[in-house]
Amino acid sequence: DLHSFPTRRSSDLLVRLKLLVKHTEAMLSQIQNQILNSLSVRLPEPFLAVSDELGNASLCLGLIYVGAVICYMEKGNLTTIKNSSILTISKLIVVPFVVYLVTSRFMPETESIILMLIAGSPTFTVSCVLAEQYHLDLEYAATNVFLTTTGCLLSIPLLFVLITFV
């Protein structure tokens with residue numbers, strides 16, 4: 001078994017190096033963007049137009065991905081929907097209302113409402129990508145994205161009704 005130890009160790013090292021390179025690329029990209037923003041560097045218009053269109057497309061593609069994941073879910077799995085419903089109610093109604101109650105004591109009305117809306121925003125589609133990448137519960141993440149996105153149609157008007165009584 002002594003002969004397999006160096007191989008296993010070298011494969012672990014290789015995996016760690018790949019992860020380091022992967023995270024280093026993302027970090028260097030963020031540092032580069034911060035430097036460009038700090039120096040107020042204006043990028044050429046064609047580059048801005050393309051990046052703007054790619055950003056707009058990523059939202060649509062993310063929602064298509066969530067829909068595909070939900071489509072291939074097991075149909076009889078009600079526990080995921082039950083657990084996600086509890087999360088949805090707390091994320092979209094309870095937490096934003098508490099944020100409004102706390103911030104309205106020491107901030108102007110407009111800022112409190114903005115913070116309430118930010119706190120009650122739906123779960124981002126990137127949570128599905130992260131769940132798949134890190135081998136977590138993809139169905140749970142997709143259900144949460146779907147329920148919080150559609151739940152905003154009811155929760156935002158309900159929050160405005162609730163804050164009129166405060």
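Every value quoted in this text rests on a predicted model; they were computed, and no experiment measured them.
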Asks: Does a side-chain heavy-atom distance below 4.5 Å link Leu138 with Cys128?
Replies: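 With C-beta onward as the side chain, the pair touches.
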
Asks: With rounding to the nearest 0.5 angstrom, report the CG to OG1 distance, Leu115 to Thr110.
Replies: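 It is 11.0 Å, given to the nearest 0.5 Å.
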
Asks: Provide the closest heavy-atom pair for Thr143 versus Ser84 in the form atom of the first, atom of the second, distance.
Replies: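 Shortest heavy-atom contact: CG2-OG, 3.5 Å.
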
Asks: How many angstroms lie between CZ in Phe160 and CE in Met116, if you round to the nearest 0.5 Å?
Replies: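 It comes to 4.5 Å.
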
Asks: What side-chain donor-acceptor pairs closer than 3.5 Å can you find for residues 31-38, not counting sequence neighbours?
Replies:
from	atom 1	to	atom 2	distance (Å)
Asn33	ND2	Ser29	O	3.3
Asn37	ND2	Asn33	O	3.4
Ser38	OG	Gln34	O	2.8

Asks: List the atom of Val66, the atom of Phe146, and the distance in Å for their closest heavy-atom pair.
Replies: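 Reported closest heavy-atom pair: CG1-N, 4.4 Å.
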
Asks: Given the rule that I, L, V, M, F, W and Y join up when any side-chain heavy atoms are under 4.5 Å apart, are Leu158 and Ile89 in one cluster?
Replies: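 Different hydrophobic clusters.
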
Asks: Taking the side chain as C-beta and beyond, is there a heavy-atom pair between Pro96 and Leu117 under 4.5 Å?
Replies: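 Heavy-atom side-chain distance check fails, nothing below 4.5 Å.
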
Asks: Is it true that a side-chain atom of Thr148 and a backbone atom of Thr123 form a donor plus acceptor pair closer than 3.5 Å?
Replies: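 Such a contact is found between Thr148 side chain and Thr123 backbone.
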
Asks: Spell out, yes or no, whether Val99 and Ile163 are grouped together once hydrophobic residues are joined by side-chain heavy atoms under 4.5 Å, including indirect joins.
Replies: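 Hydrophobic grouping puts Val99 apart from Ile163.
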
Asks: Quick check: closest heavy atoms across Pro122 and Lys91, and the distance to 0.1 Å?
Replies: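 Closest pair (atom of Pro122, atom of Lys91, distance): C-CE, 4.1 Å.
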
Asks: Might you point out which heavy atoms bring Gly120 and Cys152 nearest each other, and give the distance in Å?
Replies: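 Shortest heavy-atom separation between Gly120 and Cys152 comes out as O-SG, 3.7 Å.
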
Asks: Of all heavy-atom pairs between Ala131 and Ala141, which one has the smallest distance, and what is that distance?
Replies: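 In terms of heavy atoms, the two residues are closest at CB-CB, 4.0 Å.
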
Asks: Give the cluster check for Leu101 versus Ile113: same hydrophobic cluster or not, with ILVMFWY residues linked at side-chain heavy-atom distances below 4.5 Å.
Replies: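 As far as the 4.5 Å side-chain criterion goes, Ile113 and Leu101 are connected within one cluster.
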
Asks: Report whether Tyr140 and Ile86 are members of the same hydrophobic cluster (ILVMFWY, side-chain heavy atoms less than 4.5 Å apart, transitive linking).
Replies: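 Hydrophobic grouping puts Tyr140 apart from Ile86.
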
Asks: Nearest 0.5 Å please: distance from the NE2 atom of His135 over to the CG atom of Leu130.
Replies: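 Answer for the NE2-CG pair, His135 versus Leu130, is 12.5 Å.
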
Asks: Show your working on side-chain contact (heavy atoms from CB on, under 4.5 Å) between Val166 and Phe97 and close with a plain yes or no.
Replies: CA-CA 10 Å; Val166 176; Phe97 189 65; 3.7 Å; yes

Asks: Is it the case that one hydrophobic cluster holds both Val94 and Leu162, taking links as side-chain heavy atoms less than 4.5 Å apart, direct or via other members?
Replies: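 In one cluster: no.
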
Asks: Got a second to check how far Glu111's CD is from Ser104's OG, nearest 0.5 Å?
Replies: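 That separation rounds to 12.0 Å.
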
Asks: Give the C-alpha distance, both sets of side-chain angles, the deciding distance and a yes or no for side-chain contact (heavy atoms from CB on, under 4.5 Å) between Met107 and Tyr100.
Replies: CA-CA 10 Å; Met107 292 179 80; Tyr100 178 80; over 6 Å; no

Asks: For residues Val145 and Phe124, report the shortest heavy-atom separation together with the two atoms involved.
Replies: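 Closest heavy-atom pair between Val145 and Phe124: CG2-O, 3.5 Å.
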
